[in-house]
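Some notes on the structure that comes next.
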Amino acid sequence: MSGTSHLIPSCSPPAAIARMIYVLERSVSGLLLPLGLIGILAVSPKSADAASGGSDAVNSVGLASSVIEQNSIGYSQAYPAGVPKTSSWCNGASKPENGEPPADFTAVSGMASIFPKFGATTANKDGKILVAKGRTYVRLRSTKEWILVQDQAENEIVGAHFDAMVPKNAAVEMKIEVQTDGATLVDGPPPGRNDLMWLVRRGGFAAGTVDSVYVQIDMKTTAPEMKVVANVGADWWRSSDSPHSGANNRGAGNSNWVELSPNWSTLYFFSGSTAQFVADPPPPLAESPLPVTATSTRRTAAGPSPCLRTLAPR
């Protein structure tokens with residue numbers, strides 16, 4: 001796949017579920033199928049790794065703390081421009097009360113979202129974004145063991161540009177180029193639209209055996225003048241090839257917004273409670289002690305929020 005390019009054609013997605021965001025997902029056979037998006041990810045500049053596509057593991061207390069901050073209400077570094085002001089994810093971290101998959105669901109997909117930064121005056125017309133080492137883990141209910149079910153090294157990233165404010169807008173194709181080192185280069189979000197990306201082959205598991213999901217992705221911009229924010233999350237699916245509909249997918253949630261830069265940043269999302277996650281962390285975090293609460297003195301982003309409610313840390 002090195003050096004290849006992929007274009008995601010335009011299409012009209014179905015009615016919104018909870019996020020009024022519409023994406024398309026390509027099946028294993030290469031056909032394009034609609035994908036619902038409700039959860040999307042977050043970023044930490046502390047995890048920069050200038051060499052070979054980002055960090056392989058979290059190995060310091062500071063980085064471990066950022067995982068919790070990215071999933072704690074009130075810790076977004078900036079806000080996305082052009083989103084529904086009433087959306088639960090507008091300010092950042094948003095999770096359903098029960099982040100588990102429905103009992104008969106058997107698949108999951110990790111996803112990422114990139115928006116122009118709210119309040120920025122610099123255009124992003126020439127910049128691109130590198131995406132590396134995307135991974136999705138699920139936790140087995142009976143043993144609390146984490147299983148890797150999606151790995152960018154063996155799974156293709158696809159996506160498109162969407163306007164989150166328009167329920168039935170057509171997707172604008174997004175150029176995607178796989179690099180020789182395995183990272184994926186994508187266009188930055190055009191004015192009024194975003195980048196929505198996901199690993200094309202969903203991760204599978206037996207029905208009723210999974211209670212949580214963890215997503216980790218590395219990102220950086222190619223131009224220092226770019227002003228964009230990103231987050232990550234996941235969707236549960238009825239099966240590995242079920243089409244998008246309100247009955248076939250459920251959002252597991254999404255993490256806070258963080259501004260991307262030319263330095264590598266690792267984006268983290270986990271479903272369920274923080275206490276449960278800290279008690280049984282996934283393999284990338286197993287060597288670092290995780291705080292039960294966010295420890296940074298930084299709170300919500302400076303400046304006004306485009307959202308109707310500005311949530312305070314708790």
Side-chain angles (χ1 to χ4, degrees), residues 8 10-25 34-43 70-97 99 109-121 124 159-172 174 188-198 215 227-236 244-246 248-260 267 269 271 300-313:
I8 306 303
S10 299
C11 69
S12 296
I17 48 175
R19 291 200 52 172
M20 298 178 67
I21 291 185
Y22 299 85
V23 296
L24 300 175
E25 183 177 45
L35 169 69
L37 178 74
I38 191 171
I40 307 176
L41 299 72
V43 148
Q70 288 179 23
N71 288 271
S72 299
I73 292 176
Y75 281 82
S76 284
Q77 294 180 358
Y79 301 110
V83 302
K85 295 181 179 181
T86 56
S87 294
S88 61
W89 50 271
C90 182
N91 279 294
S94 177
K95 301 180 184 182
E97 289 186 10
S109 183
M111 293 170 286
S113 176
I114 303 169
F115 280 83
K117 178 184 176 182
F118 176 73
T121 57
N124 297 316
H161 302 300
F162 288 89
D163 182 348
M165 295 297 292
V166 182
K168 294 185 178 180
N169 67 305
V172 175
M174 181 171 70
R193 290 183 178 268
N194 56 22
D195 290 1
L196 295 182
M197 299 171 288
W198 58 95
V215 180
K227 300 297 181 183
V228 294
V229 295
N231 74 355
V232 297
D235 264 6
W236 301 113
H244 166 76
S245 75
N248 286 335
N249 74 303
R250 295 285 188 277
N254 61 269
S255 56
N256 283 317
W257 299 102
V258 175
E259 187 170 2
L260 297 181
L267 298 69
F269 165 75
S271 65
T300 51
S305 166
C307 313
L308 291 184
R309 295 174 298 169
T310 300
L311 303 176

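Since the model is a prediction, treat every value here as computed from it, not as a measurement.
Of all the heavy atoms in Ala78 and Val229, the pair that sits closest is CB-CG1, 3.5 Å. The minimum heavy-atom distance between Asn249 and Ser245, with the atom names listed, is OD1-O, 2.8 Å.
Under a 3.5 Å cut-off, the side chain of Asn194 and the backbone N or O of Ile114 do not form any donor-acceptor pair. Between the Trp236 side chain and the Gly99 main chain, a donor and an acceptor come within less than 3.5 Å of each other. Checked by atom type and distance alone, the side chain of Ser76 pairs as donor or acceptor with a backbone atom of Asn91 at under 3.5 Å.
Taking the six-membered ring where tryptophan is involved, the planes of Trp89 and Trp257 are tilted, since the angle between them lies from 30° to 60°.
When the side chain to side chain contact (heavy atoms under 4.5 Å, CB included) test is applied to Pro116, the partners found at least two apart in sequence or on another chain are Ala81, Asn124, Pro189. Pro306 is linked by a side chain to side chain contact (heavy atoms under 4.5 Å, CB included) to Tyr79, Cys90, Phe118, counting only residues two or more places apart in sequence or in another chain. For Lys95, the side chain to side chain contact (heavy atoms under 4.5 Å, CB included) criterion is met by Asn71, Phe269, Phe270, not counting sequence neighbours.
Annotation: side chain of Glu259 is not in contact with side chain of Val228 (no heavy-atom distance under 4.5 Å).
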>> Using side chain to side chain donor-acceptor pair (under 3.5 Å), reason through Asp195 and Ser113 one step at a time and then give a plain yes or no.
In response: CA-CA 6 Å; Asp195 290 1; Ser113 176; over 6 Å; no
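The line from NE2 of His161 to CG of Leu196 is 9.5 Å long, rounded to the nearest 0.5 Å. For the atom pair Asn248 CG and Asp235 CG, the distance stands at 11.5 Å (nearest 0.5 Å). For the atom pair CG (Asn254) and OG (Ser88), the distance works out to 6.5 Å, reported to the nearest 0.5 Å. In this structure, CG in Asn256 is found 9.0 Å from CD in Gln77, a value given to the nearest 0.5 Å. Between the NZ atom of Lys85 and the SG atom of Cys307 there is a distance of 9.0 Å, given to the nearest 0.5 Å.
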